[in-house]
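Have a look at the structure below before the remarks.
Each chain gets a letter, A, B and so on, in the order the sequences are listed, and its residues count up from 1.
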Number of protein chains: 4
Amino acid sequence: MNLKMKKQLQKKKDMLRSAAMVISKKGYHRATMDDIAAELLMTKGALYYYFANKEELIFQCHEMILSEAIEEIEAILALEVTSIEKMEKAIIRHIYFAIDEKEMFNMLLQPESTFADQHISVILEKREKYSSLFDEIIAEGKRNGSFRVKEAKMVRMIILGAMNWIQQWYSSKGEQSKEDVAKIYAEYLLKILI
Amino acid sequence: MNLKMKKQLQKKKDMLRSAAMVISKKGYHRATMDDIAAELLMTKGALYYYFANKEELIFQCHEMILSEAIEEIEAILALEVTSIEKMEKAIIRHIYFAIDEKEMFNMLLQPESTFADQHISVILEKREKYSSLFDEIIAEGKRNGSFRVKEAKMVRMIILGAMNWIQQWYSSKGEQSKEDVAKIYAEYLLKILI
Amino acid sequence: MNLKMKKQLQKKKDMLRSAAMVISKKGYHRATMDDIAAELLMTKGALYYYFANKEELIFQCHEMILSEAIEEIEAILALEVTSIEKMEKAIIRHIYFAIDEKEMFNMLLQPESTFADQHISVILEKREKYSSLFDEIIAEGKRNGSFRVKEAKMVRMIILGAMNWIQQWYSSKGEQSKEDVAKIYAEYLLKILI
Amino acid sequence: MNLKMKKQLQKKKDMLRSAAMVISKKGYHRATMDDIAAELLMTKGALYYYFANKEELIFQCHEMILSEAIEEIEAILALEVTSIEKMEKAIIRHIYFAIDEKEMFNMLLQPESTFADQHISVILEKREKYSSLFDEIIAEGKRNGSFRVKEAKMVRMIILGAMNWIQQWYSSKGEQSKEDVAKIYAEYLLKILI
DNA sequence: CATGAATGAGGGTTCATTCAT
DNA sequence: GATGAATGAACCCTCATTCAT
């Protein structure tokens with residue numbers, strides 16, 4: 001029984017991952033339920049067996065991705081290292097994610113007012129939760145004297161905005177390795193904090 | 001004759017502006033030609049007299065807005081002030097634009113792979129042109145010793161990314177005035193350059 | 001201008017009439033928008049130019065038919081004849097309608113819980129309005145001593161029920177002419193009132 | 001074995017009864033096989049074990065209900081009472097049924113051209129059989145001088161139609177008890193016969 | 001016997017686009 | 001130049017039905 005449920009859960013995750021692929025590649029509106037089903041080697045009908053409708057599907061995509069991202073940054077927060085190192089790691093982690101999972105990441109940046117009010121609040125909450133983890137690092141850094149910033153919220157926004165923009169220009173085929181990019185970004189962004 | 005053409009041009013600009021409003025408010029896909037026509041107090045049919053199709057319409061929106069933005073930054077570049085001041089002014093100008101014309105600005109950030117190849121290259125070229133103006137300021141600053149950065153391209157991306165993200169969180173109803181936001185952003189972002 | 005609007009109104013009426021034909025022949029659920037459009041020698045798209053959706057379409061059918069029926073019985077009520085004659089004429093009129101416009105009439109009898117609350121109240125009101133015209137005749141007859149009934153409401157229901165059932169068995173190909181049927185029904189039903 | 005079959009039969013009857021409930025409440029088209037299965041605390045798959053398809057299911061519903069109704073009226077016919085009393089009892093029985101089992105009764109009134117030809121003839125035959133029982137009472141009454149009607153068929157139709165219409169207006173929450181309604185109806189309808 | 005999963009054929013609806021007037 | 005009307009291709013979604021397990 002438990003095994004069965006685990007399998008089901010795994011399957012749903014796999015489906016969400018594939019769906020996110022298509023959706024973020026084509027965009028929410030251009031990706032049809034047929035497209036998504038095809039990617040899953042299913043028919044549309046089967047898709048609707050698992051998800052009530054298109055919005056529900058994309059909503060669950062969002063949720064899954066955000067939850068995973070939150071977990072990872074939380075793990076960094078729990079490390080026993082300096083605040084500077086935490087921020088560095090968080091920045092690098094974020095950038096790796098933005099590059100490695102470009103499609104899914106991209107999806108998060110374009111909620112496109114697709115969601116019904118009920119869903120949107122959940123998503124926004126989770127987004128805020130994620131962002132607040134960066135706030136925590138900043139706050140911790142201020143407390144122990146590592147960082148010297150007054151407008152913490154805005155600094156957080158600057159950092160997140162700078163990182164998210166990578167989407168728009170980075171190409172894995174380019175000359176820069178993702179490791180280099182991440183390192184350089186971390187270096188420059190830390191200049192703002194210190 | 002010349003007057004007539006001017007009038008026509010002005011009319012078209014007005015149309016583009018209104019259209020951009022609707023499109024960026026609703027998003028490209030949710031904004032129907034009917035919506036746009038209604039905003040222009042026209043019928044759909046009339047709209048098609050001026051623009052061959054929806055893509056052409058949005059393409060011209062993009063072009064107009066970008067051209068105007070480029071002009072403004074070019075004007076700053078031509079000023080006889082220090083590089084630091086130029087960058088400061090450019091940042092503030094950009095942020096004002098992002099806040100004051102949120103809808104149009106937003107449209108620029110979501111090309112959404114709407115464009116056919118033919119159009120997209122024109123847009124990308126113009127975008128690049130705009131971005132390169134920031135490069136020029138940075139280069140100038142490096143030449144005259146004001147700025148000390150190695151990875152100029154990446155720094156430019158950090159700055160642009162940070163600024164564009166304002167879209168996502170700034171609300172005119174919030175406590176922060178746009179003047180404050182622009183000033184603070186300029187201050188922090190200049191820290192990266194110096 | 002006025003002529004144009006009249007034409008449009010007439011066209012809409014024609015459309016409603018044809019639509020009612022299909023719908024009542026096939027039933028609301030079996031009649032597809034394609035079917036209806038085909039009957040109108042149109043495409044589905046054109047249909048949606050005139051009616052927001054299927055429910056709106058059928059709602060307007062109902063309304064039109066009921067309105068016309070109400071007018072006719074009201075005309076009978078206004079005649080200067082005895083109550084008995086009025087009831088006789090109303091019965092005959094109703095039965096003619098049930099037989100001549102079998103399809104539309106049939107549609108009225110099967111609201112099939114198709115309507116949204118907003119619409120259903122309008123329809124029920126109009127139905128009640130129609131039925132109340134029979135009440136008025138009965139009341140008038142009681143006042144002037146022609147009729148001798150205690151439970152007026154129930155008698156009205158008996159009369160309407162009996163007449164509406166004709167739908168279920170009368171066939172124009174059968175031996176009975178509609179004139180005969182109407183006359184006999186009137187005769188028997190008046191026995192209840194007198 | 002015999003016991004087993006009896007149990008099975010009973011089970012099927014229970015299923016039909018529950019199914020009829022859902023179908024007549026929602027209407028044939030709005031009631032999905034899922035709905036029906038849920039009411040039976042089963043899954044769709046199981047339902048298909050018992051019934052070949054949806055039409056078969058509703059067909060058996062019809063048949064069961066009609067058979068039961070026929071039996072009851074036949075019992076009345078066999079009583080040793082006057083024709084007037086028989087008709088009175090039949091009317092009352094019919095009305096009780098219409099009120100007590102509103103949903104199932106309602107289903108019978110809306111065959112909705114759901115049935116394939118093969119089925120429909122069986123149903124129509126059974127309906128006719130039921131109706132003919134009223135004919136028999138009338139005929140018997142005519143023979144023994146209780147009733148004085150020429151157009152027996154039409155009178156039967158008037159009586160049935162009047163009774164079936166009760167569906168449309170009677171509410172158990174209303175002021176009238178079903179006993180009152182049945183009595184009054186019987187009284188008025190007998191006026192037609194005598 | 002029963003279930004979960006899948007299929008596939010529509011049906012309602014939207015909307016960019018066209019065109020006669 | 002402008003309008004109303006119409007088209008048709010997609011798209012989301014539903015649901016009766018099937019079937020391996």
Worksheet entry | Nucleotide F:dA5, atom P - distance to CG of C:Asp14 in whole Å | 14 Å

Worksheet item: Can you tell me how far P of E:dG10 sits from NE2 of D:His29, to the nearest Å?
Response: 14 Å

Fill in: Among F:dC12, E:dG12, E:dA16, the nucleotide that comes nearest once only the side chain of B:Lys54 is considered
E:dA16

Response to the item:
By nearest-heavy-atom nucleotide on DNA chain E, the more 5' of B:Asn53 and A:Gly45 is A:Gly45

Worksheet item: Does A:Tyr48 put a side-chain nitrogen or oxygen below 4.0 Å from OP1 or OP2 of F:dC13?
Response: yes

Worksheet item: Does the F:dT17 base have a donor-acceptor partner in the side chain of D:Lys44 within less than 3.5 Å?
Response: yes

Fill in: Between P of F:dA10 and NZ of A:Lys26, the distance in whole Å
12 Å

Worksheet, complete the sentence: Between CG of C:Asp34 and C1' of F:dT7 the distance, given in whole Å, is 13 Å

Discussion item. Taking pairing as Watson-Crick or G-U wobble with both contacts under 3.5 Å, can you name the mate of F:dC13, or confirm there isn't one?
Written reply: E:dG10

Worksheet item: Between B:Gln8 and F:dG1, does any side-chain N or O lie under 4.0 Å from OP1 or OP2?
Response: yes

Worksheet item: Between A:Arg30 (CZ) and F:dA9 (P), how many Å, whole number?
Response: 21 Å

Discussion item. Measure CG/A:Leu57 against C1'/F:dC13 and give the value in whole Å, please.
Written reply: 13 Å

Discussion item. Distance check needed: F:dT14 C1' versus A:Met33 CE, whole Å only.
Written reply: 12 Å

Response to the item:
Of F:dC12, F:dA2, F:dT3, the nucleotide closest to the side chain of B:Lys11 is F:dA2

Fill in: Spacing of A:Lys6 atom NZ and A:Gln10 atom CD [to the nearest 0.5 Å]
10.5 Å

Worksheet item: Should we count CD of B:Glu125 as having more than 12 external heavy atoms under 6.0 Å?
Response: no

Discussion item. Taking any heavy-atom pair under 4.0 Å as a contact, classify C:Ala31: base, sugar-phosphate, or nothing.
Written reply: sugar-phosphate

Worksheet, complete the sentence: Taken to the nearest whole Å, CG/B:Leu40 to C1'/F:dG1 is 15 Å

Worksheet item: Is B:Tyr49 near enough to F:dA2 that one of its side-chain N or O atoms lies under 4.0 angstrom from OP1 or OP2?
Response: no

Worksheet entry | Nearest-Å distance once atom P is located in both F:dT21 and E:dC1 | 22 Å

Worksheet entry | Complement of F:dA20, any strand, by Watson-Crick or G-U distances under 3.5 angstrom | E:dT3

Discussion item. For A:His62 and A:Arg127, which I'm curious about, is there any donor-acceptor pair between the side chains at under 3.5 Å?
Written reply: no

Discussion item. Need to verify one output field. Residue with the more 5' nearest nucleotide on DNA chain F, B:Met42 or A:Ala52?
Written reply: B:Met42

Item to complete: Would you indicate which nucleotide in E:dA16, E:dA6, F:dA6 comes nearest to any side-chain atom of C:Tyr50?
Response: F:dA6

Fill in: Matching residue for B:Tyr50 among B:Lys12, B:Glu56, B:Lys11 - test: side-chain hydrogen bond (donor to acceptor under 3.5 Å, both in side chains)
B:Lys11

Worksheet item: Testing D:Gln60, D:Gln8, D:Glu68 for side-chain contact (heavy atoms from CB on, under 4.5 Å) with D:Lys13, which one passes?
Response: D:Glu68

Item to complete: Check whether the side chains of D:Lys54 and D:Tyr28 place a donor and an acceptor atom closer than 3.5 Å, and report yes or no.
Response: no

